[in-house]
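Sequence lines set the chain letters: A, B, ... in the order given, protein chains first and strands last, and positions in each chain run from 1.
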2 protein chains.
Amino acid sequence: MTQSESTAQLLGQITWSADGLVPAIVQDALSKEVLMLAYMNKESLQKSLESGQTWFWSRSRNELWNKGATSGHTQQIVSLHYDCDGDTLLVKVRQNGPACHTGAYSCFYREAEVNGQAATGPSQQAHEDRFGPLSR
Amino acid sequence: MTQSESTAQLLGQITWSADGLVPAIVQDALSKEVLMLAYMNKESLQKSLESGQTWFWSRSRNELWNKGATSGHTQQIVSLHYDCDGDTLLVKVRQNGPACHTGAYSCFYREAEVNGQAATGPSQQAHEDRFGPLSR
């Protein structure tokens with residue numbers, strides 16, 4: 001099966017939302033930390049599969065978005081999975097620099113209290129200290 | 001700050017979708033594998049924070065859903081993070097048995113070809129073999 005055939009097959013197996021999108025979880029293939037969640041439409045999924053880099057659909061700017069094209073913080077795709085009901089993607093990547101536009105390694109740097117337990121996760125500052133030098 | 005105060009604060013920091021939901025990525029706190037993605041509304045997030053177990057909003061059944069209440073495959077919440085723009089949750093859990101309703105450990109057992117590379121991930125059968133005994 002050629003790449004375009006397997007891409008066409010995959011596109012048909014995805015359950016697209018009413019606005020033609022599917023959420024894509026991006027995970028660091030090395031550390032296994034979850035980095036971000038963004039949305040793909042058919043065109044951005046196709047570009048991701050063909051280029052091996054992440055392309056998303058920006059819901060705020062209404063445009064295709066090649067992650068890291070401006071910042072240099074690109075994501076090289078290691079694998080792409082889809083879930084049991086085909087309505088979510090899991091993209092494992094080699095992340096260059098921080099994934100978050102704030103400069104944090106992961107977008108998930110804020111922790112909520114669960115059942116009265118205080119937050120214990122690393123602070124945003126810790127993430128910035130770790131990756132700050134890469135983004136300067 | 002009491003649990004109810006911190007819960008109220010968190011609920012106010014989440015960017016809810018037009019239908020009052022937020023996607024929640026569920027990750028195994030031990031293996032760091034991403035297990036599933038489901039949706040929470042305010043009530044299910046509140047129940048999750050208070051009980052320490054995952055509660056979701058089922059978009060297909062239009063009802064609150066305590067994950068594992070029927071199957072026994074519950075999820076004990078270890079931590080709950082939210083992302084930079086407050087529109088996605090990351091819930092790290094201790095997963096009891098398989099997370100997927102198919103019996104697979106993770107819902108993401110199907111792999112797509114990227115840039116002509118054949119799928120290399122473990123098959124669904126491998127996941128079932130690993131966790132099957134737990135669910136019998």
In short, A:H81 meets B:F108 closest at the heavy-atom pair CD2-O, 3.4 Å
Shortest non-hydrogen pair, A:A112 vs B:Y82, comes out as N-CE2, 4.4 Å
Quick check on the structure: residues of [range] within a heavy-atom distance below 4.5 Å of chain A, by number.
range                     : result
residues 51-71 of chain B : B:S51, B:G52, B:R59
residues 84-91 of chain B : B:C84, B:D85, B:G86, B:D87, B:T88, B:L89, B:L90
residues 41-50 of chain B : B:S48, B:L49, B:E50

What do the steps show when you test A:L37 against B:D83 for side-chain contact (heavy atoms from CB on, under 4.5 Å), and what is the final call?
CA-CA 9 Å; A:L37 183 133; B:D83 73 347; 5.5 Å; no
Can you name the side-chain hydrogen bond (donor to acceptor under 3.5 Å, both in side chains) partners of B:S6, sequence neighbours left out?
none
Salt bridge check: are A:E111 and B:K92 linked by an N-O gap of less than 4.0 Å?
no
Tell me, out of B:E33, B:Q9, B:Q13, who's got the most heavy-atom pairs with chain A below 4.5 Å.
B:E33
Looking at chain A, which one of B:I25, B:I77, B:T7 has the largest number of heavy-atom pairs inside 4.5 Å, strictly under?
B:I25
Has the side chain of A:K32 got a donor or acceptor atom that lies under 3.5 Å from a matching backbone atom of B:S31?
yes
Could you look at B:L80 and say if it's the side chain, the backbone, both or neither that has a heavy atom under 4.5 Å from chain A?
both
